[in-house]
Protein chains: 2
Amino acid sequence: MDGLVRNRKIVDKYSVRGRVFHKIRDDILEGKYEMGEEIRETRIAGELGVSRTPVREAIRQLELEGLVSVILNKGAVVTGISPQDIEDIYNIRTLIEGLASRWAAEKISPRELKELEDIVDLTEFYINRQETEDLVVLDNRFHEILYESSHSKPLQHILSPFHHYVQNARRTSLSTPGRAEKALAEHKKILQALKAKDADLAEATTNQHVKNAAYNLLKNKFPR
Amino acid sequence: MDGLVRNRKIVDKYSVRGRVFHKIRDDILEGKYEMGEEIRETRIAGELGVSRTPVREAIRQLELEGLVSVILNKGAVVTGISPQDIEDIYNIRTLIEGLASRWAAEKISPRELKELEDIVDLTEFYINRQETEDLVVLDNRFHEILYESSHSKPLQHILSPFHHYVQNARRTSLSTPGRAEKALAEHKKILQALKAKDADLAEATTNQHVKNAAYNLLKNKFPR
DNA sequence: CTTGGGATAATTGTATACAAAAGTACCGCT
DNA sequence: AGCGGTACTTTTGTATACAATTATCCCAAG
């Protein structure tokens, strides 16, 4: 399941700071913190067996990501991602994810195209097992590579964290009957458009893909 | 010229770290660093008369903003904002800045509306002096408050740094003859739509406003 | 002259120390 | 009991110290 993973993360995970950063980040996104809960540097440092320095640097980075809010001389409180934030993110992605596809159609490299193909093939292989977690990972990679293929730093900079933030929401979405199959079919269409270098088609299908995902998600949230 | 400024910054500027952060950030945006230039923590610390700790924290935050790129055990190199990045940013803003206006039309508070009105009035007052710098500041505030008025954390999180990044580009754009007047007229139309709570109109006029700004900017970049 | 190796210096990564601010608890006073 | 003030504790902010990694330079071997 691994092997084609490269250095895709902004914050490397081999330094102590990087590990701390991803630990706190994932804990927040997985709901292990309450909203408004205060983060004590010494506690985190103690739990992870490190000093306060890397913990502080990680918290400062999370501040910039908007996941915590730091008050001078008082500390950091968890802000996290609210349901409203998730809805907003999907609305924004519906408008600009297609742009990533458009630019990808113009700039994608053979290697990136090959990676997308591999992921689609793998998804087809895994889709019958109903192992949602694997499908989420593959979905992550598909979109992550799509963002890279746009070769636009600003766009990647927006979409990559956004996609990460809604990972939990996507997990439940991909586990609803039929959604994984539809998502795969949509990924295939996007891939075809990219192979054909058809920017208009790539943009349209991608925007529709996000729109469908958003609909599926919000339908679950507000049933009927 | 000041007075209605509140605590709009993500990173406060009263801590040493905050001052260092904004110093390096502005230096990068103003082109005081070469692309690929390495940042030495000790040098910055020495120049600003502080220790390495706040400098490191600031650099880590700049890493997350994408303005520098940190390599483990090697240091930070300046990435900055390329002309291509600026073009990309305008393309993205053209798609989503209107969304900020749409949501603002639905959620703006009387206080925020008043602030926008004040800014428009001030702009009208300053526009004859041909003091571009003042107009840039007022333009900053208009858009910043617009973003706040959307009451969307994700949207604000994208647009606020984007708008800051292209500040230099906007400066030259606003100094071209007639552009400031046109921008003011467009701001007025946006404001009217917000006052009327007309979400569709607010979105359309704002998108057009960004599109015009982009056109004016890129026209200068690629004359004829 | 070029190249490889190794000591040395410079730089980053993490830990600890100290200073300053904020929170807490206890006591006396009204 | 309620209020306020003061000592004490906790927590954050910054500085410094130490460890680990990387860069530099010099010299000798080919």
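Throughout, a chain's letter reflects where its sequence line sits, starting with A, and its residues are numbered from 1. The model shown is predicted, which means the values in this text are computed figures rather than measured ones.
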Can you list the residues that meet the ring-ring contact (aromatic ring centres under 6.0 Å, His included) rule with A:Tyr165, with sequence neighbours excluded? none

Sequence neighbours excluded, which residues qualify as side-chain contact (heavy atoms from CB on, under 4.5 Å) partners of [X]?
X: A:Arg171; answer: A:Thr132, A:Glu133, A:Val136, A:Gln167, A:Asn168
X: B:Leu95; answer: A:Ile96, A:Leu99
X: B:Val77; answer: B:Glu38, B:Ser69
X: A:Asp85; answer: A:Ile81, A:Ser82, B:Lys153, B:Pro154

CD1 of A:Ile59 versus P of D:dT11: gap in Å, rounded?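 It is 13 Å, rounded to the nearest whole Å.
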
5' to 3' contact window, DNA chain C with chain A (heavy-atom distance under 4.0 Å):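 Contact span on the strand: C:dT14 to C:dG23.
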
For [X], side chain to side chain donor-acceptor pair (under 3.5 Å) partners two or more places apart:
X: A:Glu37; value: none
X: B:Glu131; value: none
X: A:Ser152; value: B:Asp88
X: A:Ser109; value: A:Glu112

Mind listing the residues from residues 32-56 of chain A sitting with a heavy atom below 4.0 Å of DNA chain C? Number order is fine.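 A:Val50, A:Ser51, A:Arg52, A:Thr53, A:Pro54 - these, ordered by number, are the residues of the stretch whose heavy atoms sit under 4.0 Å from the strand.
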
Give, ordered by number, those residues of residues 68-76 of chain A having at least one heavy-atom distance below 4.0 Å to an atom of DNA chain C; if nothing qualifies, reply none.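 A:Asn73, A:Lys74 - these, ordered by number, are the residues of the stretch whose heavy atoms sit under 4.0 Å from the strand.
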
Does a donor on one side chain sit under 3.5 Å from an acceptor on the other, for B:His209 and B:Glu97? no

